[in-house]
Amino acid sequence: MKQILNMITATISLNKDHMPVQRDQDVVPFRNRVKEYATKIRMGLVNQTKLQTAASELVRNMLRYGGGGEILIEVVSRGRDNGIRLTFSDKGPGIADIAMAMKDGYSTGKSLGLGLPGTKRLVNEFDIKSELGKGTKVVILKWANG
Amino acid sequence: MDRIPILKMGQFLLVTIQVDLYDRLALDLEADLVRMVSKTGAKGILIDISAVSIVDSFMGRIIGNIGVMSKLLDAETVVVGMQPAVAITLVELGLPLKGVYTALNVEKGMDLLKLKIQVTDEDETDPEYDHSDDISE
């Protein structure tokens with residue numbers, strides 16, 4: 001966890017919230033929670049939509065490949081900028097080849113393989129760590145005016 | 001269990017998505033729509049997504065699938081009312097939703113559907129064929 005945070009811009013965390021996601025039905029309340037936080041820091045509508053879409057992609061990955069997990073929602077600040085940082089942790093089988101998984105059009109499932117690379121394009125910062133047999137952790141950050 | 005209602009209006013099926021989509025709901029809609037097209041012989045589907053705040057790669061794919069599947073059953077699909085932020089996000093995500101027709105609002109979508117159906121009708125009738133023969137028989 002420390003390692004991941006170091007790779008992402010140094011920020012101050014203002015507010016934290018944990019949310020377990022185990023079933024398909026948990027996705028909508030989670031997306032709403034993200035929206036709530038984004039509205040609170042006055043994130044613009046386009047950025048909000050991008051963040052929610054990125055979150056939706058990652059939460060699906062977590063459910064489908066990781067068998068569910070937990071999401072940490074944080075409001076972070078860097079200087080005058082506010083942003084939302086989401087950390088998705090699962091205890092699934094992990095990703096064997098992250099470089100491959102980050103390529104457009106690659107999927108081990110039946111999807112289009114846009115999830116991870118597409119998500120990266122939608123947010124300001126993106127980091128993924130995975131250990132085979134232990135699980136996967138994805139961190140994304142979107143600035144309110146980013 | 002939630003379900004998105006499908007309304008039949010003449011030759012068309014109308015769907016207004018007023019709730020937040022999750023995967024199961026989108027999959028059910030896809031199956032229901034294809035079944036309804038086959039059952040009613042509808043010529044067009046109009047999907048209003050003006051109340052949908054996010055469309056991710058999965059839902060985008062379902063919308064694309066509905067377009068392709070209904071085309072196989074001889075029906076056209078028009079997606080209307082997409083929010084600008086959703087359009088921006090879809091393109092950046094890498095999913096430009098090719099294969100479905102789009103229109104700005106329900107009214108324009110209906111016009112487009114009517115036009116599409118007329119055009120295909122004309123294509124299918126052979127201009128050389130003389131209809132007066134039918135009557136005399």
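Given the structure is predicted, the values throughout are model-derived calculations rather than measurements. Below, chains carry the letters A, B, ... as their sequence lines are ordered, and counting in each starts from 1.
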Select, from Lys120(A), Lys35(A), Glu57(A), the one with the greatest count of heavy-atom pairs under 4.5 Å involving chain B.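 Among the listed options, the one with the most contacts to chain B is Glu57(A).
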Just so I understand: if I count every heavy-atom pair under 4.5 Å between each of Val27(A), Asn32(A), Leu122(A) and chain B, which residue has the most?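 Option with the top pair count is Leu122(A).
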NZ (Lys16(A)) with more than 12 external heavy atoms under 6.0 Å: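 At most 12 heavy atoms, drawn from other residues, nucleotides or ligands, come within 6.0 Å of this atom.
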Where does Arg60(A) contact chain B at under 4.5 Å (heavy atoms): side chain, backbone, both or neither?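 Just the side chain, heavy atoms under 4.5 Å.
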Consider only side-chain heavy atoms of I, L, V, M, F, W and Y, link residues closer than 4.5 Å, and tell whether Ile117(B) and Met9(B) are in one cluster.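 Ile117(B) and Met9(B): one cluster.
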Examine Met82(B) and Ile54(B) and state if one hydrophobic cluster contains both, with Ile, Leu, Val, Met, Phe, Trp and Tyr joined whenever side-chain heavy atoms are less than 4.5 Å apart.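 No, separate clusters.
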Engaged part of Val19(B) at the chain A interface, taking heavy atoms whose separation is under 4.5 Å: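 It is neither, since no heavy atom gets under 4.5 Å.
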Atom pairs and distances, side-chain donor-acceptor, residues 40-48 of chain A, under 3.5 Å, sequence neighbours left out:
unit_1: Asn47(A); atom_1: ND2; unit_2: Ala144(A); atom_2: O; d: 3.2
unit_1: Asn47(A); atom_1: ND2; unit_2: Gly146(A); atom_2: O; d: 3.0
unit_1: Gln48(A); atom_1: NE2; unit_2: Met43(A); atom_2: O; d: 3.1

